[in-house]
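A quick write-up on the structure given underneath.
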Amino acid sequence: MMTRTVDPTQELAAFLRTRRERLDPEDFGLPARRQARRTPGLRREEVAELAGVSIDYVVRLEQGRGLRPSANVVESLARALRLAPDERAYLFNLTQQRPRNTDGPSTTAEPSLSRLVADLSPLPAMLMNHRFDILAWNDQMARLLVDFTTLPPNRRNALWLCLMHPEVREFYVDRERVVREGVAHLRAAWAAHPDDRVLSDLIAEFLAHDAEFARLWAEGDINGIGRGHKVLRHPVVGLIAVDFEVLVPFQDRDQRLVIHRPADDESRSALDRLCGP
């Protein structure tokens, strides 16, 4: 049995038709038409008017005639068809366009994710956004790194701590690699969120006040950190080697769950002493 691959042009045509046909004209406040509707949903000319494109353009899209709409047109169609976030993402994927970020950066932890961070105890865990702002943490994470409650909210930032905090900046045995990876991640986040003024200001602060950051930023490395290994020189229990995983929640993609695990038996014992009652 042969399995056909998906034809994006035909799938786009079918997707637009089905989403148009499921809409109720009354929800749009459209004027009554003298001619009775023979098919469910909106007419093509109504979608065209809502999206600000020509009727012929909508017809050709729905007929699968090889058009590749621009990102602006895709966004207009998504609004006109009142697509849900997952449907909007699917439409952009079909058209091979990149959507604009419509949601602002996360500045507070999603409650269910905050509870998850707490439930991950005794593993040190924290929740961050794309800027490295730390939105939630458990007690073990605070004992491993720093008591975040003693910091102003605008300083609860993992990269700021690594670069600027007088104690934390000395924690990492392989500091050069840790900072390099953080800078490369921040550059990728900056490109993905060009309208994030707070992120741009944070980068400007680092460039002005930290020569190491400025040197690494100029190298232009890009990296999305998904997992890794760090060795910390903790002032209470000595060396602790940890492996970490960065997980992105499906419904909160601006938030990153970072989970640390001891990398060896000695580090496990050190964490137990550090985080014990």
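For this chain, numbers begin at 1 and follow the sequence in order. The figures that follow rest on heavy atoms only: side chains count, while hydrogens, waters and symmetry mates do not.
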Could you list who else is in [X]'s hydrophobic cluster, with ILVMFWY side chains joined at under 4.5 Å, directly or through other members?
X: Val59; result: Ile55
X: Ile259; result: Leu113, Leu116, Val117, Leu120, Leu123, Leu127, Leu247, Leu257
X: Leu135; result: none

Donor-acceptor pair, [X] side chain versus [Y] backbone, under 3.5 Å?
X: Arg256; Y: Asp254; answer: yes
X: Glu87; Y: Ala84; answer: yes
X: Asp243; Y: Pro262; answer: no
X: His229; Y: Ala263; answer: no
X: Arg156; Y: Leu151; answer: yes
X: Arg175; Y: Arg169; answer: yes
X: Arg180; Y: Leu216; answer: no

Closest contact, heavy atoms only, Ala13 versus Gly64: CB-N, 3.7 Å
Non-hydrogen atoms of Ala118 and Asn138 that approach each other most closely: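 Taking Ala118 first and Asn138 second, the nearest heavy atoms are CA-CB, 4.2 Å.
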Donor + acceptor pair across side chains of [X], [Y] (<3.5 Å):
X: Asp196; Y: His130; result: yes
X: Asp147; Y: Thr149; result: yes
X: Ser269; Y: Asp272; result: no

Rounded to the nearest 0.5 Å, how far apart are [atom1] of [X] and [atom2] of [Y]?
X: Leu202; Y: Asp133; atom1: CG; atom2: CG; value: 7.5 Å
X: Met128; Y: Gln255; atom1: CE; atom2: CD; value: 11.0 Å
X: Arg17; Y: Arg44; atom1: CZ; atom2: CZ; value: 7.5 Å
X: Leu77; Y: Thr95; atom1: CG; atom2: OG1; value: 9.0 Å
X: Arg68; Y: Leu61; atom1: CZ; atom2: CG; value: 12.5 Å
X: Gln10; Y: Asp7; atom1: CD; atom2: CG; value: 5.0 Å

Pairwise ring pair (Phe, Tyr, Trp, His ring centres under 6.0 Å) hits with a residue in residues 57-80, at least two apart: none
Phe148 and Trp137 aromatic ring geometry - parallel, tilted or perpendicular at 30°/60° bounds: tilted
Consider only side-chain heavy atoms of I, L, V, M, F, W and Y, link residues closer than 4.5 Å, and tell whether [X] and [Y] are in one cluster.
X: Val47; Y: Val53; value: yes
X: Leu207; Y: Leu163; value: yes
X: Val231; Y: Val258; value: no
X: Leu159; Y: Met164; value: yes

Output field: ring centroids Phe132/His185 closer than 6.0 Å: yes
Summary of side-chain hydrogen bond (donor to acceptor under 3.5 Å, both in side chains) pairs that have at least one residue in residues 110-128, sequence neighbours excluded: Ser121-Gln140
Residue list, ring pair (Phe, Tyr, Trp, His ring centres under 6.0 Å) with Phe244, at least two apart or on another chain: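 Residues passing ring pair (Phe, Tyr, Trp, His ring centres under 6.0 Å) with Phe244: none at all.
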